Amino acid sequence: MVDAARHPRIDVRTFTEVEKVEGFVGNFKVTLREKAKYVIADRCNGCGDCARVCPIEVPNYFDMNLAPRKAAYVPMSQSVPLVYNIDLDACIHCYKCVDACGALEAIDFSQEDKLVEEDIGAMIVATGFSHFDPSVMEEYGYSRYPNVITSMEMERLNNSAGPTAGNLIRPSDNKNPQKLAFINCVGSRDKRYNPSCSNFCCMYSIKNAILLKQMNPNVDITIYYIDIRTPSKGYEEFYDRAREMGIHFSQGRPSLITEDPETHNLFVHSEDVTLGKVMEKEYDMVMLNQAAVPQPDQNHMSSVLNVAQSPGGWFMEYHPKLRPIDSPTDGVFFAGACQGPKDIPSSVAQGSAASSRASRILQSDHWEIEPTVAVVFPERCSATTRGRACGICAKACPYGAINIFSPEIPAEVVTAKCHGCGACVAECPEDAITQLHFTDAQILAQMRAVLADKPEEKILAFRCHWCSYGGADLAGTSHFEYTANERGLRVMCSARMDTDFIYEAYRLGAGAVLYSGCHPQDCHYITGQLIGAKRASRLEKIFERMKMTDGRFRVEWISAAEGDKYARVLNEMQAVLDDIPMDDLKAEIEQLKPEMSKRLKKFPGVPGVQEAMDYSDILVDAITKQKEAA
Amino acid sequence: MSQQQPENNNEELRVGVYVCHCGTNIAGVIDPKEVVEFAKGLPDVVHATDTLYACADSGQKQIKEDIKKHKLNRVIVSACSVRMHEATFRGAVSEAGINPFLMEMANIREQCTWAHGHDREGALEKAKDLTASAVAKSRFLTSLDMIEVPVTQKAMVIGAGVAGISAALDLADQGIQTILVEKEPTIGGVMAQLNKTFPTMDCSI
Ligand SMILES: Cc1cc2nc3c(=O)[nH]c(=O)nc-3n(C[C@H](O)[C@H](O)[C@H](O)COP(=O)(O)OP(=O)(O)OC[C@H]3O[C@@H](n4cnc5c(N)ncnc54)[C@H](O)[C@@H]3O)c2cc1C
Ligand code: SF4
Ligand code: SF4
Ligand code: SF4
């Protein structure tokens with residue numbers, strides 16, 4: 001802590017929050033709110049005279065509200081920086097502190113919050129975690145029974161710098177407890193609250209049990225657990241040591257705690273799974289190892305920072321396996337428990353990893369990004385044609401990369417913020433946006449090529465680059481065989497799969513079409529898949545109404561790890577085609593063509609598409625000739 | 001940052017097609033030469049050939065020499081997955097003076113011969129179609145330049161718990177000015193509140 005404060009290149013801003021983040025990789029502008037401390041940092045020498053004379057006491061959150069602090073305070077004596085704060089909500093304006101501070105004149109009640117802007121190139125988010133409040137679990141009586149405390153309260157009470165100078169006492173009578181229980185997974189691995197594991201509670205309950213046993217070998221300690229999870233290096237040995245010291249372990253989540261109102265002793269009711277016995281044991285004190293949960297302001301921070309959250313609420317990494325440190329926004333990285341519960345060694349390691357990811361960008365005065373980005377044709381945007389930018393593109397963009405400044409000004413893509421998912425391209429009702437390297441003309445030309453010959457036998461498969469294309473690769477690598485009638489096309493995200501492409505495929509006579517992308521939680525473009533999925537389900541309904549044979553249009557979410565699924569889906573689609581007599585299939589295709597053409601009325605007007613159609617006629621001729629010659 | 005154009009300027013196309021054997025990975029199921037013959041009849045293809053290993057130094061060298069000799073301005077590599085070698089072939093063509101985005105791959109290994117080992121005829125038809133598809137796309141490819149953005153060489157770390165402190169120290173030790181933002185009056189996060197910590201059982205601060 002002190003090293004950070006002393007480092008010549010680290011500028012520590014405490015009591016400061018992030019108000020706004022604008023810009024993009026290499027070029028962020030961050031607005032910070034430096035909250036008023038009512039103490040001038042440069043003048044305060046940390047003597048604490050103000051706190052000594054302050055008559056007001058309030059609970060200190062830092063001590064889990066187990067001990068008081070003054071209205072003029074530091075959270076702990078080792079605070080870094082050691083600058084006092086005045087808590088204006090508690091202060092009664094007696095100004096004794098001002099007198100006590102005297103000639104230093106460090107106290108300044110006229111201070112106000114300050115908004116400051118900082119230009120930075122990269123950002124590491126390390127906002128940590130919070131603690132589950134067990135008072136909602138009535139069965140454990142926390143906040144009703146004085147001797148049921150949380151693990152964080154335990155950390156303070158057992159701490160030599162804490163409110164009792166490390167003397168662990170029972171809140172009900174200030175006696176040292178002799179019989180103690182720890183309950184693990186309080187609010188963790190519990191479908192009612194948090195289905196996931198909090199990662200470090202097993203280890204810290206063992207830690208606290210060992211510490212208590214070292215201080216007093218006669219104390220009797222039981223740890224109630226569902227599973228003990230000690231997978232890191234040296235952790236299993238730590239667990240062994242606890243058992244050798246005589247700490248008891250009882251498997252099974254306690255169902256109830258009751259209290260003797262006279263003695264305030266507690267009875268833990270549980271079923272010991274290994275013994276197969278229902279038990280009720282008496283303790284002086286019970287510690288609840290509460291779940292690690294996202295910060296209360298995590299949702300707010302996620303929108304300020306424009307980063308997504310995983311289902312549990314933690315910040316979501318770019319890719320859980322391959323890019324665990326990166327956020328989906330270039331130049332923003334995660335470290336520590338804000339991305340999911342982590343113990344100290346992992347948090348430190350991730351902090352170092354994040355610094356190295358960030359310095360890749362910061363070591364040079366420029367950074368290169370892939371040019372496969374969206375480009376607007378301003379003359380086609382409804383702002384130009386009708387004086388009203390519809391803004392659908394801006395709403396679709398997962399990265400907020402599209403600006404709509406006013407109804408008359410065409411949409412504008414901030415190239416450096418665009419990740420090239422193609423959502424806006426496929427969503428724009430005016431076909432006023434294209435994506436470089438994945439233009440309509442390019443994709444149409446590809447479709448025409450693979451559907452040139454006997455299209456009714458073909459299964460045209462649209463796959464996203466990151467997942468389904470990877471799944472198809474894995475099917476091959478694993479030699480899971482599937483129908484050779486599949487013809488794959490690759491776009492970056494299912495969000496790019498334009499309805500026009502699907503109609504055009506059927507207009508060209510395709511036997512079947514697969515619409516395939518990642519699972520929602522795997523999307524490389526935050527919410528791209530959601531946009532693709534919504535469009536796909538609209539298409540499903542449309543084709544149902546057209547009475548297209550079930551299975552000729554299929555929507556599947558296939559990850560890069562699901563090669564078997566890719567092969568299975570394709571074979572199932574082939575089976576659908578095999579079931580339809582060829583003449584019937586051809587008749588259905590012909591019958592639906594006018595419907596498809598109707599929906600494609602605007603398609604030839606899309607820039608490049610007419611050209612692609614003209615070219616394709618020549619191409620199709622050539623393909624047919626070559627195939628006949630063979 | 002210049003706006004790049006989605007349309008190409010109708011330059012005369014000279015497409016070169018390379019059909020890889022990948023040893024027997026591809027050639028064990030289909031005859032690459034048949035795909036080559038097919039490709040020769042496609043519009044704008046001025047040169048088509050098979051190659052034992054397109055990705056090997058010798059394969060890349062052949063492509064680079066052909067670009068000069070046949071004045072190619074589009075290159076199609078029918079070989080493996082883009083996830084495997086797109087970067088390799090983009091590099092090769094750009095060394096020979098072609099914009100890397102004017103190279104297109106057809107995946108005839110993972111997504112063809114490996115997946116249809118028992119349907120040689122079907123695999124051959126598919127390899128032809130995928131090659132034609134890449135040629136077709138190349139007709140509409142445009143040169144693209146990587147987008148260069150300036151970088152403010154300064155970092156911000158939000159949250160000064162043990163993770164944020166460790167990140168800030170490492171950045172600063174690498175010479176990078178770092179602002180460490182903490183919403184509480186002290187840095188340290190949860191760790192500063194803890195008693196001794198596992199696995200070492202030393203004091204937490
Ligand atoms: C009871 C208990 C005991 C534990 N014992 C151990 C142990 O013995 N050994 C071990 O390895 N691990 C232990 N842990 C786990 C340890 O606490 C975590 O690994 C560690 O604190 C994670 O560090 P962090 O920096 O990611 O998050 P935090 O410690 O939560 O730090 C986050 C920091 O960010 C600040 N912040 C949050 N939001 C903002 C914002 N919007 N703007 C600015 N600043 C913000 C917070 O104020 C805080 O200072 C224990 C945990 C608990 C609950
Ligand atoms: S003015 Fe406020 S902070 Fe200062 S001593 Fe009085 S109550 Fe405490
Ligand atoms: S969706 Fe299309 S028409 Fe609407 S504002 Fe965006 S670019 Fe313009
Ligand atoms: S929607 Fe996708 S392609 Fe369009 S601007 Fe946003 S990131 Fe780029």
Side-chain angles (χ1 to χ4, degrees), chain A residues 1 4 7 9-17 26 75 79-80 85 119-128 155 158-159 203 207 234 335-336 344 347-348 351-352 354-355 359 362 365-369 371 375 416 434 439 441-442 445-446 449-450 472-473 475-476 484 618-619 622-623 626, chain B residues 1 6 38 41-43 81 110-111 114-116 119 122-123 126 129 132-133 136-137 139-140 144 146-159 161-172 174 176-183 185-189 194-195 197-199 205:
Chain A
M1 280 168 65
H7 202 295
R9 279 183 294 277
I10 298 182
D11 176 359
V12 178
R13 311 271 181 93
T14 50
F15 218 43
T16 299
E17 285 183 28
S79 287
V80 177
N85 264 44
D119 290 313
I120 54 154
M123 187 168 14
I124 294 175
V125 180
T127 50
E155 290 284 344
N158 207 18
N159 193 321
M203 277 297 284
K207 166 190 80 172
I344 295 169
S347 300
V348 170
S352 294
S355 84
S359 75
L362 298 169
D365 61 4
H366 67 276
W367 181 249
E368 285 191 337
I369 50 185
V375 175
T434 192
T439 65
Q442 290 164 355
Q446 287 182 286
V450 295
D473 272 359
I618 305 169
L619 176 78
I623 292 175
Q626 286 301 97
Chain B
M1 213 183 307
F38 167 80
L42 298 179
S81 169
E110 284 85 345
Q111 299 188 8
W114 278 357
H116 315 303
D119 180 2
K126 183 169 169 179
D129 284 355
S133 165
K137 181 170 183 179
R139 174 68 188 76
F140 297 96
L144 298 176
M146 293 299 278
I147 298 165
E148 215 173 81
V149 293
V151 169
T152 309
Q153 289 170 278
K154 205 170 166 188
M156 181 176 286
V157 177
I158 303 168
V162 62
I165 292 175
S166 125
L169 282 172
D170 281 12
L171 282 168
Q174 291 174 74
I176 296 164
Q177 282 293 340
T178 304
I179 302 173
L180 179 56
V181 178
E182 169 57 53
K183 71 173 174 190
T186 179
I187 63 173
L194 301 178
N195 186 21
T197 54
F198 71 77
I205 297 185

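Everything numeric here is computed off the predicted structure, so don't read it as measured data. Below, read A as the first sequence line, B as the second, and so on, with proteins coming before strands; counting in each chain starts at 1.
- When side chains are defined from C-beta on, A:Val12 does not count as touching B:Val181, because their heavy atoms never get closer than 4.5 Å.
- Among all heavy-atom pairs drawn from B:Asn195 and A:Glu155, the shortest one is N-OE1, 2.8 Å.
- By the 4.5 Å heavy-atom criterion applied to side chains, A:Ser359 and B:Ile176 are counted as neighbours.
- Of the possible donor and acceptor atoms, none in the side chain of A:Glu368 sits under 3.5 Å from a partner among the backbone N and O of B:Glu148.
- A donor-acceptor contact shorter than 3.5 Å is absent between the side chain of A:Arg9 and the backbone of B:Gln177.
- Residue contact with chain B, scored on non-hydrogen atoms closer than 4.5 Å, involves the backbone and the side chain of A:Asp473 alike.
- The two residues A:Asp119 and B:Lys154 come nearest to each other via the heavy atoms O-CD, 3.8 Å.
- The closest side-chain heavy-atom distance from A:Val348 to B:Val162 is below 4.5 Å.
- Of all heavy-atom pairs between B:Ile187 and A:Ala4, the closest is CD1-CB, 4.4 Å.
- B:Ile179 touches chain A through backbone and side chain together, each having a heavy atom under 4.5 Å away.
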Check your understanding: Could you go step by step and tell me if A:Ile120 and B:Thr152 meet the side chain to side chain contact (heavy atoms under 4.5 Å, CB included) rule?
Key -> CA-CA 5 Å; A:Ile120 54 154; B:Thr152 309; 5.6 Å; no

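- With a threshold of 4.5 angstrom between heavy atoms, B:Ala168 approaches chain A through its backbone and through its side chain.
- For the pair B:Leu180 and A:Asp11, the minimum side-chain heavy-atom distance is 4.5 Å or more.
- Looking at every heavy atom in both residues, B:Ala136 comes nearest to A:Ala449 through CB-CB, 4.1 Å.
- Using modelled atom types and a 3.5 Å distance limit, the side chains of A:Thr14 and B:Glu182 yield no donor-acceptor pair.
- Across every non-hydrogen atom of A:Pro371 and B:Met146, the tightest pair is CD-SD, 3.7 Å.
- Side-chain contact between B:Ile158 and A:Met123: present, with at least one pair of heavy atoms (C-beta onward) separated by less than 4.5 Å.
- Side chain of A:Asn159 to main chain of B:Leu194: a donor-acceptor pair is present (N/O by atom type, distance under 3.5 Å, no hydrogens or angles).
- By number of non-hydrogen pairs under 4.5 angstrom with chain A, the leading residue of B:Gly189, B:Ser133, B:Gly164 is B:Ser133.
- Between the CE atom of A:Met1 and the OG1 atom of B:Thr186 there is a distance of 4.0 Å, given to the nearest 0.5 Å.
- Legend: residues meeting side-chain contact (heavy atoms from CB on, under 4.5 Å) with A:Ala472, ordered by chain and number and at least two apart, are A:Arg463, A:Tyr566, B:Gln111.
- Heavy-atom pairs under 4.5 Å with chain B were tallied for A:Ser355, A:Gly121, A:Pro75; the largest tally goes to A:Ser355.
- Residues A:Gly476 and B:Trp114 come closest through the heavy atom pair O-CB, 3.3 Å.
- Taking the salt bridge (charged side-chain N to carboxylate O under 4.0 Å, His left out) definition, one finds that B:Asp119 meets it with nothing, sequence neighbours left out.
- Inspection of the A:Ser352 and B:Asp170 side chains reveals an N or O donor paired with an N or O acceptor under 3.5 Å.
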